[in-house]
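Inspection log for the structure reproduced underneath, given as structure tokens.
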Amino acid sequence: MTPASAAEFPVRFDHSAYSAVLKRFVDGHGQVDYAGLKAKRSDLDAYLAGLARVSDPEYRSWPESERIAFWINAYNAFTLKAIIDHYPIRSSFFTSLVYPKNSIRQIDGVWDELRFRVKGEELTLDHIEHQILRKQFDEPRIHVALVCAAISCPPLRNEAFTGDELDRQLTDQSERFLARPENFSVQRSGRTPTVTLSSIFDWFGSDFVSRYGDADRFAGQSPEVRAVLEFAWPFLSAPDRQVLESGSFRVTYSNYDWTLNERSSR
């Protein structure tokens, strides 16, 4: 029996079942009906079982965009599983002193201990994010696509990412994310304007340098800040661009709201 060749595998993974789940339980603002999803989780579980069955030769036969979309969807879908497996979330006394009671931060080991089966391996969310998506691909826009089930996370799309549509979807995610004032805003009062950025850009600004760090704009800022601002540039208003072009501004980062991104039942 000879090994299967790349040509024998489909050039993409079918994410349509996951899209159906997202359309049913995620609203247009990225808020999730976790109670409804927990009650009717069979379609999500079937999709996750499909992720587990993907073979390494099949995976390697896909184009890069399809592989990136696969891992983004896996991360977000496993995050949904982690929430509904623990829903309603039970808070601990000590963790509640720091984080909201209805927060993914109340789930012990959610990123570095809970394991999920994908592509025949048992992986954590941290491994998917840091060892696969961040390390194996030069695509910093993953940071506006990975959703950690918190208000300050990027909005969860109500459609799956796909290889064919990945660039368009990531562009749309970037625009939606930057449109929220807590993720990008310019305060012009006072002597020096203040540019406020999401904490995501503080944590992962270095990931943007390789693709967005060559521009000469924003002299005086760190390489990470220059790269993030260059990434944001196409989505900014003319007045905001004018402030950035002046070079006279300071950068701060907003507080991260870890409240669960749960859709209101009202």
Side-chain angles (χ1 to χ4, degrees), residues 18-45 47-48 72-116 118 123-130 133 142-161 173 176-185 196-204 252-266:
Y18 180 47
S19 277
V21 170
L22 295 173
K23 282 182 171 60
R24 183 173 185 181
F25 296 105
V26 181
D27 66 20
H29 303 288
Q31 305 300 291
V32 184
D33 176 10
Y34 287 111
L37 179 57
K38 184 180 179 72
K40 299 180 179 179
R41 60 178 297 164
S42 58
D43 289 342
L44 176 64
D45 289 337
Y47 173 75
L48 298 179
I72 294 174
N73 289 333
Y75 183 97
N76 291 343
F78 286 128
T79 299
L80 291 176
K81 172 179 167 56
I83 297 298
I84 62 175
D85 282 351
H86 296 83
Y87 187 89
I89 293 174
R90 289 186 174 183
S91 60
S92 70
F93 173 76
F94 290 107
T95 308
S96 297
L97 296 176
V98 182
Y99 300 108
K101 291 183 177 180
N102 59 334
S103 169
I104 191 172
R105 300 299 298 252
Q106 302 288 347
I107 302 174
D108 289 342
V110 65
W111 291 297
D112 58 358
E113 293 181 13
L114 296 186
R115 293 187 175 272
F116 307 93
V118 55
L123 302 178
T124 65
L125 292 174
D126 269 359
H127 186 94
I128 293 172
E129 179 179 8
H130 303 302
L133 280 166
I142 63 167
H143 295 300
V144 298
L146 298 177
V147 183
C148 59
I151 291 294
S152 286
C153 289
L156 182 62
R157 297 181 75 82
N158 58 7
E159 65 175 4
F161 288 91
Q173 281 289 112
R176 292 176 66 190
F177 186 70
L178 292 164
R180 292 164 57 177
E182 62 268 32
N183 298 330
F184 183 94
S185 62
T196 299
L197 301 174
S198 165
S199 292
I200 288 174
F201 296 128
D202 186 23
W203 302 330
F204 302 113
T252 63
Y253 296 94
S254 58
N255 293 326
Y256 209 78
D257 185 352
W258 285 102
T259 303
L260 191 66
N261 61 341
E262 183 169 20
R263 189 166 74 193
S264 172
S265 60
R266 291 180 297 175

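Quick caveat, the model's predicted, so the values are computed rather than measured. The first residue in the sequence is number 1, and the count goes up from there.
- Contact record, Arg157 with Leu22: O-CD1, 3.6 Å, taken as the closest heavy-atom pair.
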Side chain to side chain contact (heavy atoms under 4.5 Å, CB included) between Leu146 and Ile72: does it pass, once the steps are laid out?
CA-CA 6 Å; Leu146 298 177; Ile72 294 174; 4.2 Å; yes

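- In this pair, Trp258 and Tyr99 present their aromatic rings perpendicular. The plane angle is above 60°, beyond the 30 to 60° band.
- Ser199 contributes no side-chain N or O that, together with a main-chain N or O of Asp202, makes up a donor-acceptor pair within less than 3.5 Å.
- Other residues, nucleotides and ligands contribute more than 12 heavy atoms inside 6.0 Å of the NE2 atom of His130.
- Between the side chains of Asp257 and Thr259, at least one donor-acceptor pair of N or O atoms lies under 3.5 Å.
- A side-chain N or O of Tyr87 and one of Glu262 form a donor-acceptor pair less than 3.5 Å apart.
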As a quick check of understanding, evaluate side chain to side chain contact (heavy atoms under 4.5 Å, CB included) for Ile89 and Leu260, giving each step before the final call.
CA-CA 10 Å; Ile89 293 174; Leu260 191 66; 4.2 Å; yes

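- Residue Lys23 qualifies as enclosed at atom NZ: its count of foreign heavy atoms under 6.0 Å is above 12.
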Residues Phe204, Glu129; criterion side chain to side chain contact (heavy atoms under 4.5 Å, CB included); working and verdict
CA-CA 12 Å; Phe204 302 113; Glu129 179 179 8; 3.6 Å; yes

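- For the residue pair Tyr18 and Asp43, no side-chain donor N or O sits within less than 3.5 Å of a side-chain acceptor on the partner.
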Checking Gln106 against Arg90 for the side-chain hydrogen bond (donor to acceptor under 3.5 Å, both in side chains) test, could you report, in this order, the C-alpha distance in whole Å, the side-chain angles of both residues, the deciding distance, and whether it holds?
CA-CA 7 Å; Gln106 302 288 347; Arg90 289 186 174 183; over 6 Å; no

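- Under the 3.5 Å distance criterion, the side-chain polar atoms of Asp33 are left unmatched by any main-chain donor or acceptor of Arg263.
- Atom NZ of Lys38 is surrounded by more than 12 heavy atoms from other residues, nucleotides or ligands within 6.0 Å.
- Counting all heavy atoms, side chain and backbone alike, Arg180 lies closest to Cys153 at NH1-O, 3.1 Å.
- Residues Phe78 and Trp111 keep their aromatic ring centres 6.0 Å or farther apart.
- Residue Thr79 comes nearest to Ala149 through the heavy atom pair CG2-CB, 3.9 Å, listed as atom of the first residue, atom of the second, then distance.
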Go through the steps for Thr252 and Thr196 under the test side-chain hydrogen bond (donor to acceptor under 3.5 Å, both in side chains), then give the verdict.
CA-CA 5 Å; Thr252 63; Thr196 299; 3.2 Å; yes

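- Between the side chain of Asn76 and the main chain of Val147, a donor-acceptor pair closer than 3.5 Å is present.
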